[in-house]
There are 2 protein chains.
Amino acid sequence: MAINRNFELLLHDNQLKVTNPRLSVLKLIADQEAATSQPMLEKVLGKEVDRVTLYRILKTFEEKGILHKIIDLNGTANYAICSSDCTAHNHRDEHFHFNCSNCHKVYCMDDFHLPAIAMPPGFTAATLSLAITGICNHCNQ
Amino acid sequence: MAINRNFELLLHDNQLKVTNPRLSVLKLIADQEAATSQPMLEKVLGKEVDRVTLYRILKTFEEKGILHKIIDLNGTANYAICSSDCTAHNHRDEHFHFNCSNCHKVYCMDDFHLPAIAMPPGFTAATLSLAITGICNHCNQ
DNA sequence: TCTCAAAATGCAATATAATTGCATTTACAA
DNA sequence: TTGTAAATGCAATTATATTGCATTTTGAGA
């Protein structure tokens, strides 16, 4: 399967071994239009991947810059595939996230960039994260 | 004490009874320059206020629009006194929050307002929340 | 293809955090 | 002063996250 090959390459590139649990996690997250919540991952993968393994996979993926962890406004962790310019040492996360208050999905709005914000004196900004709540395009129609 | 009188009025105005645990929570949060994290509240109030009571107080305060709950980028809940134009039915929260990556404090930047953001088609925004990580003015010097 | 060490997994146990139920206490209106 | 609804605090439960370790698996090298 072509898409699996890509995941294998992705794992290889990050010095990670190719295992079924890891492929399952990547496949599931990549299939979603929105970021996938940790509870959802647990629920869907519950049968085939151990809870603890899932925690560890998400942790290493995040450390390697493969996945992107987004804490939504309820404090729930959500994961999305990092855009290609993310690496372990340089997370690009200046775009914003949209939390649908109806279906609770988290959308990464990669294409929309944030305007510059003036900081108060003494404060230096490193990363920006804009979360917007509202109704998504599916729930709106 | 003048400041306690204000808290009593605040509670009265919201049809809440004046109790020691509630006053302790309000006092502690009002004393902080930054928003106060739930773990910190637990730690400081642990002796005088039961854990469960603290949960319930924070919940009702948030529902009444007295406190403002901010989930930081680690998923930890932080609480700040709402500005006066917050009510139970109309939370004003268009300002942004600054997470210091050194001392982990969360600052509410009430005075800085967000520029308008254009939404993709089909998405309707209800609330905005901009979180910025960086170094705060205290840790910078 | 086979071998083997390092890596990854899965289970059990533990730790931490949040929620629920209920009996007791307290605030405050009448 | 009294009665009642609200609030508290304890115990028990549930949910969530972490740690330790034995077993399995991957994949580089023989």
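Every chain is numbered from 1 and lettered A, B, ... according to where its sequence line falls, protein lines coming before strand lines. Only this structure's heavy atoms are used, side chains among them; waters, hydrogens and symmetry mates stay out.
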* **Check: B:R22 side chain, B:L11 main-chain N or O, donor-acceptor pair, under 3.5 Å** =>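 Checked: no pair found.
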* To do: Spell out, as yes or no, whether a donor-acceptor pair under 3.5 Å connects the side chain of B:N14 to the backbone of B:L16.
  =>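 No: the side chain of B:N14 does not pair with the backbone of B:L16.
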Taking [atom1] from [X] and [atom2] from [N], how many angstroms apart are they, rounded to a whole number?
{"X": "B:E62", "N": "C:dA18", "atom1": "CD", "atom2": "P", "result": "14 Å"}
{"X": "B:I57", "N": "C:dT19", "atom1": "CD1", "atom2": "C1'", "result": "16 Å"}
{"X": "B:D50", "N": "C:dA18", "atom1": "CG", "atom2": "C1'", "result": "13 Å"}
{"X": "A:Y55", "N": "C:dA17", "atom1": "OH", "atom2": "P", "result": "13 Å"}
{"X": "B:Q15", "N": "C:dA29", "atom1": "CD", "atom2": "C1'", "result": "14 Å"}
{"X": "B:L58", "N": "C:dA18", "atom1": "CG", "atom2": "C1'", "result": "13 Å"}
{"X": "B:K17", "N": "C:dT25", "atom1": "NZ", "atom2": "C1'", "result": "11 Å"}
{"X": "A:K59", "N": "C:dA7", "atom1": "NZ", "atom2": "P", "result": "15 Å"}

Rounded to the nearest 0.5 Å, what separates atom [atom1] in [X] from atom [atom2] in [Y]?
{"X": "B:D50", "Y": "B:E42", "atom1": "CG", "atom2": "CD", "result": "10.0 Å"}
{"X": "A:Y107", "Y": "A:E33", "atom1": "OH", "atom2": "CD", "result": "5.0 Å"}
{"X": "A:I81", "Y": "A:L26", "atom1": "CD1", "atom2": "CG", "result": "5.5 Å"}
{"X": "B:M119", "Y": "A:N137", "atom1": "CE", "atom2": "CG", "result": "9.5 Å"}

* Asked: Which comes earlier along DNA chain C counting from the 5' end, the contact point of B:N20 or that of B:Q38, where each point is its nearest nucleotide?
  ->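 Counting from the 5' end, the first nearest nucleotide belongs to B:Q38.
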* Minimal non-hydrogen separation, A:T76 against A:S37, with atom names ->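 Reported closest heavy-atom pair: CG2-CB, 4.2 Å.
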* Asked: Across the strands shown, which category fits A:T19 at heavy-atom distances under 4.0 angstrom: base, sugar-phosphate, nothing?
  ->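 Sugar-phosphate contact only - A:T19 comes under 4.0 Å of backbone atoms but never of a base.
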* Under 4.0 Å between any heavy atoms, over every strand shown, what does A:R22 touch: base, sugar-phosphate, or nothing? Just pick one. =>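 Since only primed, P, OP1 and OP2 atoms lie under 4.0 Å of A:R22, the category is sugar-phosphate.
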* Asked: In degrees, rounded to 10°, what is the bend between the two ends of the helix from C:dT1-D:dA30 to C:dA30-D:dT1, using five pairs at each?
  ->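 Inter-axis angle at the termini of the helix from C:dT1-D:dA30 to C:dA30-D:dT1: 30°.
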* More 5' along DNA chain D: A:R51 or B:P21, using each one's nearest nucleotide? ->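 By nearest-heavy-atom nucleotide position, the 5'-most residue is B:P21.
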* A:N78 versus A:T36, side-chain donor and acceptor atoms under 3.5 Å ->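 Note: A:T36 and A:N78 side chains miss the donor-acceptor criterion.
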* Go through the side-chain N and O atoms of B:E48 and B:S24 and say whether any donor and acceptor fall under 3.5 Å apart. =>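 B:E48 vs B:S24: donor-acceptor pair found between side chains.
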* Asked: Can you find an N or O donor on one side and an acceptor on the other, under 3.5 Å apart, linking the side chain of A:R56 with the base of C:dA8?
  ->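 No such pair is found, so the answer is no.
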* Asked: Which listed nucleotide (C:dA18, C:dA12, C:dA27) is nearest to the side chain of B:E42?
  ->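 Closest of the options to the side chain of B:E42: C:dA18.
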* Hey, where on DNA chain D does chain B first and last touch, going 5' to 3'? Cut-off is any atom under 4.0 Å from a heavy atom. ->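 Span of nucleotides near chain B: D:dA5 to D:dA11.
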